[in-house]
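One structure is given below, encoded as structure tokens.
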Amino acid sequence: MKKVRVRFAPSPTGELHLGGARTALYDYLVARNLGGQFVLRIEDTDQERYVEGSMERFLADLDWLGLAPDEGPVQGGGFEPYIQSERLESHQKIAQELLEKGLAYYDFSTSAGSGGFEDEAYRAGRVIYRGEDRNLNLEVARERLANGETAVIRLKVPAGKIEFNDLVRGKVTFDLATVDDAVLLKSDGYPTYHLANVVDDYLMEISHVLRAEEWLPSTPKHLVLYDGLGWPRPEFAHLPLILATDKKKLSKRVHGEGVWIGTYRDQGYLPEAIVNYLALLGWNAGGDQEFFSLDELVAKFSLDRVHKAGAVFDPIKLDHFQNHYIKQLTVDDLAKRLEYFISSDLDRDLVRRVATVVQNRLVRLADFESSSHYFFELPEYEKEDLVFKKSTAESSLMGLDFAHQALFSLDEAGWQIEETLNSLLGEVRDHKNLTNGDLFWPIRVALTGQQKSPSPSECLWVLGKDESLKRLTLAKDKLGQ
RNA sequence: GGCCCCAUCGUCUAGUGGCCUAGGACAUCGCCCUCUCACGGCGAAAACGGGGGUUCAACUCCCCCUGGGGUCACCA
């Protein structure tokens with residue numbers, strides 16, 4: 001059986017986005033599931049769009065997601081180089097072979113940039129591009145080249161129909177009469193995607209080509225190349241697009257930075273949440289299960305369950321996965337992951353206790369410090385805030401007073417256990433004939449200054465005896481004024 | 001416009017001819033828990049785009065229509 005080798009081939013022109021990450025994930029899953037290799041190849045043949053540092057960020061993002069490649073520019077792997085611009089010789093050599101075989105031709109007729117492709121022509125439903133020099137004699141062309149003329153090399157699309165079996169879409173057919181003579185080698189000597197991608201996939205022995213559906217229309221060009229060169233075609237799987245709420249392909253230009261993986265990482269999303277949610281955008285295991293670890297995905301993934309229709313990315317649902325995985329974390333792990341997002345001067349024991357009580361409600365790690373600020377600094381609030389809507393200032397003051405007395409008498413051991421604090425407050429309430437609103441509410445506000453917060457006993461536990469009593473005293477003073 | 005792809009609740013989806021009175025999840029709305037907010041529990045509302053076939057039987061198969069999307073560069 002043929003070796004399974006799946007590649008992710010991003011272009012270093014920006015940041016890794018949701019769609020790219022999902023493709024990389026499926027690449028990884030297919031490779032792992034079939035016991036093959038996951039290969040990373042950087043497609044940087046467009047010098048103009050190249051962005052410095054982009055490749056490094058791709059690598060970091062993949063790594064963060066847990067999708068580190070088996071082979072690639074960093075780890076090597078036996079099919080070097082993994083950076084496309086370093087494989088120019090192969091591309092140019094194959095271009096010449098194509099010329100010799102009459103599968104491509106030098107095209108002098110098109111000046112750089114316009115290429116003869118005019119919008120109006122397409123709008124009018126006009127024909128496909130066929131270069132004027134299509135049948136120019138190769139020797140003549142080479143002479144003109146030698147005389148200093150410039151030309152591109154174009155694919156000479158043959159007549160007929162071409163079809164292939166897409167692993168997610170089934171049989172797809174194209175009439176080659178509707179396929180343009182695409183540029184294969186630019187006048188600067190660099191290959192276009194169509195040439196480089198095919199050549200490199202062949203040379204790197206790629207068995208499965210997974211890519212987004214937007215590539216479907218150019219597939220016949222690639223097929224013509226494989227067939228013409230006598231190379232075996234890899235398996236193709238065109239993945240459904242990830243859509244924005246407007247049902248259009250997700251793009252930075254119109255949908256903003258929420259398309260970038262880095263945006264989510266910086267906000268404190270967990271990679272396991274992103275991976276899990278992304279996996280489900282276009283695939284499912286067939287049942288009702290929705291939470292999957294990466295290993296489970298590897299075990300259950302298969303291309304024949306990948307959907308054909310595009311899927312809308314819903315950030316609200318991502319939050320659901322995020323919260324789920326946050327709740328799964330041990331406190332130690334949560335504290336560790338929080339480290340990157342919090343101020344260096346915060347007391348780490350305090351951070352750990354805060355993390356314990358806010359874990360259920362936390363979504364973005366980056367929001368941790370600001371949403372829990374009152375634990376780290378003295379809260380500010382108005383006197384009136386201390387009184388529950390169904391209570392009175394007198395009862396609230398009593399509540400604070402009795403609570404202070406009881407808590408003051410509690411030893412340090414008691415303060416270590418939240419449940420002890422909670423039942424102590426319960427006793428105070430019962431013995432002093434207070435309502436929850438008379439007791440718990442003012443304590444919460446005294447401790448946090450907030451209308452919404454973790455329960456009073458949890459806040460007491462977080463803040464500890466000294467700080468808690470201090471805040472209760474402050475509140476009593478404020479209310480007594 | 002040409003070519004190609006697609007089509008189940010608002011969204012992600014289950015469904016591979018009878019198990020469907022179309023299931024689950026998110027979101028929404030109720031209720032419970034309750035000192036608040038979350039978490040959690042319970043419940044409600046919510047979909048097979050339309051028309052033809054095929055079949056004893058279509059969400060499931062075929063055709064047409066409609067609708068949506070992608071693509072049409074010396075970018076990938």
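The figures that follow rest on heavy atoms only: side chains count, while hydrogens, waters and symmetry mates do not. Proteins get letters first, then strands, A, B, ... in listed order; numbering begins at 1 in each.
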Discussion item. Is it the case that C74(B) (base atoms only) and Ser187(A) (side chain only) share a donor and an acceptor within less than 3.5 Å, ignoring hydrogens and angles?
Written reply: yes
Worksheet item: Quick one: the side chain of Lys452(A) and the base of A38(B), do they pair up donor-acceptor inside 3.5 Å?
Response: no
Worksheet item: Any salt bridge between Arg41(A) and Asp201(A), counting N to O under 4.0 Å?
Response: yes
Fill in: N-O pairing of Arg337(A) and Glu272(A) below 4.0 Å
yes
Discussion item. A76(B), OP1 or OP2 - any side-chain N/O from Arg211(A) closer than 4.0 Å?
Written reply: no
Discussion item. Quick check on G68(B): is either OP1 or OP2 less than 4.0 Å from any side-chain nitrogen or oxygen of Lys248(A)?
Written reply: no
Provide the Watson-Crick or G-U wobble partner of [N], both distances under 3.5 Å; none if there is no partner.
N	result
A14(B)	none
G30(B)	C42(B)
G1(B)	C72(B)
U54(B)	none
U21(B)	none
G67(B)	C6(B)
U60(B)	none

Can [X] be said to sit on top of [Y]'s aromatic six-ring, NZ or CZ under 6.0 Å from centre and within 45° of the ring axis?
X	Y	answer
Arg144(A)	Phe108(A)	yes
Lys478(A)	Tyr381(A)	yes
Arg154(A)	Tyr129(A)	yes

Of the nucleotides [options], which one has an atom closest to the side chain of [X]?
X	options	value
His307(A)	U13(B), C5(B), A27(B)	U13(B)
Trp215(A)	U11(B), A76(B), C4(B)	A76(B)
Pro217(A)	G70(B), C5(B), A76(B)	G70(B)
Lys327(A)	C12(B), G40(B), C74(B)	G40(B)

Worksheet item: A38(B) P sits how many Å from Asp367(A) CG, rounded?
Response: 16 Å
Fill in: Protein-nucleotide distance (Leu241(A), atom CG; A7(B), atom C1'), rounded to Å
15 Å
